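Just so it is clear, the values below take in all heavy atoms, side chains as well, and ignore hydrogens, waters and symmetry mates. What you see is a predicted model, and the numbers here were worked out from it, not measured in a lab. Position 1 is the first residue of the sequence; numbering continues from there.
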Amino acid sequence: MKKYIYILLSIIIAAWVGYRVYAIYSESQREVFNAARVSEKTVETMVAHEEMGVLKEPLFIKDNRAFVSHSRIRKFGVGQRIGAGHIISVSSKLDLDTGMYLIKTANVEDGEQFAEAKYTGFFIPIYAVTDSTVMVLENGIVALREVKIMNQDAEWILVSHGLNDGDIVVLSKVEAGTRVQSND
């Protein structure tokens, strides 16, 4: 009788070990539990190049005049193009009636327009910059890089320092330290 109990116990232990080996093997094949086996994630990227570009700032013009707040006044300058016209003066004094700064234009139609300013630097999509940092690809691994923002509009951020020509900027949302593959 002892002999049969030992044989039965051996069969149960062997079955349990076999089941655990199978369970561990099948779990290691699943991407969720085994990050080392996950193939590199493909992300959207762009190559940074220092270039001349244009940032556009909206401006509501009426009778060749516009009023802007203190926080936006630095974005406008004499000679800046607005459609077919240009800015002829930017007040440095606050208009006490409106609490705003006056900008005078010439040859500009009434209605909302965009003042265009030319800059040289790295133009990065606004969604790719977070708290003055961008994600860059270094040897296939995403790394944070601190940058100096010079200016921005609704679509682009102008970076003056922190990037070099040829740096690969990651546009997709990924965490720093993640191994990725560029779409280029």
Side-chain angles (χ1 to χ4, degrees), residues 42-139 141-176 178 180-184:
T42 302
V43 294
E44 292 293 319
T45 60
M46 68 174 278
V47 178
H49 292 291
E50 189 169 18
E51 59 190 334
M52 169 83 65
V54 175
L55 293 179
K56 296 179 179 183
E57 187 67 26
L59 196 62
F60 186 79
I61 308 289
K62 183 163 183 178
D63 298 328
N64 277 315
R65 294 168 27 137
F67 291 97
V68 297
S69 68
H70 175 71
S71 62
R72 293 183 59 223
I73 193 67
R74 66 177 179 78
K75 295 186 177 206
F76 302 100
V78 174
Q80 232 174 335
R81 304 257 337 130
I82 301 177
H86 61 280
I87 295 175
I88 57 173
S89 74
V90 177
S91 175
S92 61
K93 295 184 180 177
L94 188 67
D95 182 327
L96 297 177
D97 292 333
T98 62
M100 308 278 266
Y101 292 87
L102 175 65
I103 295 177
K104 291 183 182 177
T105 62
N107 304 320
V108 179
E109 294 180 25
D110 286 352
E112 186 171 353
Q113 302 284 329
F114 290 94
E116 298 177 352
K118 291 183 180 179
Y119 296 99
T120 299
F122 298 94
F123 289 84
I124 308 297
I126 198 164
Y127 61 86
V129 180
T130 306
D131 298 329
S132 297
T133 60
V134 296
M135 299 279 198
V136 293
L137 200 55
E138 295 177 353
N139 300 321
I141 297 175
V142 177
L144 279 175
R145 173 100 44 97
E146 198 166 315
V147 294
K148 182 176 180 190
I149 297 172
M150 188 171 162
N151 210 336
Q152 73 181 62
D153 65 11
E155 296 179 31
W156 299 96
I157 288 184
L158 175 64
V159 173
S160 61
H161 293 86
L163 290 175
N164 300 311
D165 272 338
D167 282 346
I168 299 174
V169 177
V170 177
L171 303 178
S172 301
K173 296 291 181 191
V174 292
E175 292 184 22
T178 306
V180 297
Q181 184 175 347
S182 174
N183 65 340
D184 291 335

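Atom CD of E175 and atom OG1 of T178 lie 5.5 Å apart (nearest 0.5 Å). The line from CD1 of I168 to CD of E138 is 10.5 Å long, rounded to the nearest 0.5 Å. The CD1 atom of I126 sits 12.0 Å away from the CD1 atom of I124 when rounded to the nearest 0.5 Å. A distance of 9.0 Å separates CG in L55 from CE in M150, rounded to the nearest 0.5 Å. The OG atom of S132 sits 10.5 Å away from atom NZ of K148, with the distance rounded to the nearest 0.5 Å. Interatomic distance, Q152 CD to Y119 OH, rounded to the nearest 0.5 Å: 11.0 Å.
Inter-residue side-chain proximity for Q80 and H86 is flagged as unmet; no heavy-atom pair is nearer than 4.5 Å. Annotation: side chain of V136 is in contact with side chain of L163 (closest heavy-atom distance under 4.5 Å). Annotation: side chain of T120 is in contact with side chain of E50 (closest heavy-atom distance under 4.5 Å). No side-chain heavy atom of I88 sits under 4.5 Å from any side-chain heavy atom of T105.
With hydrogens and angles left out, the side-chain atoms of D95 and Y101 include no donor and acceptor closer than 3.5 Å.
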### Task
For the pair I103 and F67, evaluate side chain to side chain contact (heavy atoms under 4.5 Å, CB included) and give the outcome as yes or no after the intermediate values.
CA-CA 6 Å; I103 295 177; F67 291 97; over 6 Å; no
### Task
Please test L171 against T45 for side chain to side chain contact (heavy atoms under 4.5 Å, CB included), starting from the C-alpha separation and ending with a verdict.
CA-CA 5 Å; L171 303 178; T45 60; 5.6 Å; no
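Nearest approach of M135 to A176, heavy atoms of both residues: CE-N, 3.9 Å. The two residues G121 and L158 have their closest heavy-atom pair at CA-CD1, 3.6 Å. Here the closest non-hydrogen pair linking F60 and A66 is O-CB, 3.3 Å. In plain terms, the two heavy atoms of Q113 and G83 that are nearest each other are OE1-CA, 4.2 Å.
Of the possible donor and acceptor atoms, one in the side chain of D153 sits under 3.5 Å from a partner among the backbone N and O of K56. No side-chain donor-acceptor contact under 3.5 Å links N151 to the backbone of K75. Distance alone, capped at 3.5 Å, places no donor-acceptor pair between the E109 side chain and the K62 backbone. Within the 3.5 Å criterion, the main-chain N or O of L102 finds no donor-acceptor partner in the side chain of S91.
Applying the salt bridge (Lys or Arg N to Asp or Glu O under 4.0 Å) test to R72 and every residue at least two apart in sequence or in another chain returns E57.
A perpendicular orientation is assigned to the rings of W156 and F123, their planes being inclined by more than 60° (bins at 30° and 60°).
With respect to I157, the side chain to side chain contact (heavy atoms under 4.5 Å, CB included) criterion is satisfied by exactly one of V134, V147, V129: V129.
Applying the salt bridge (Lys or Arg N to Asp or Glu O under 4.0 Å) test to every pair with at least one member in residues 164-174, sequence neighbours left out, gives these pairs: R145-D167.
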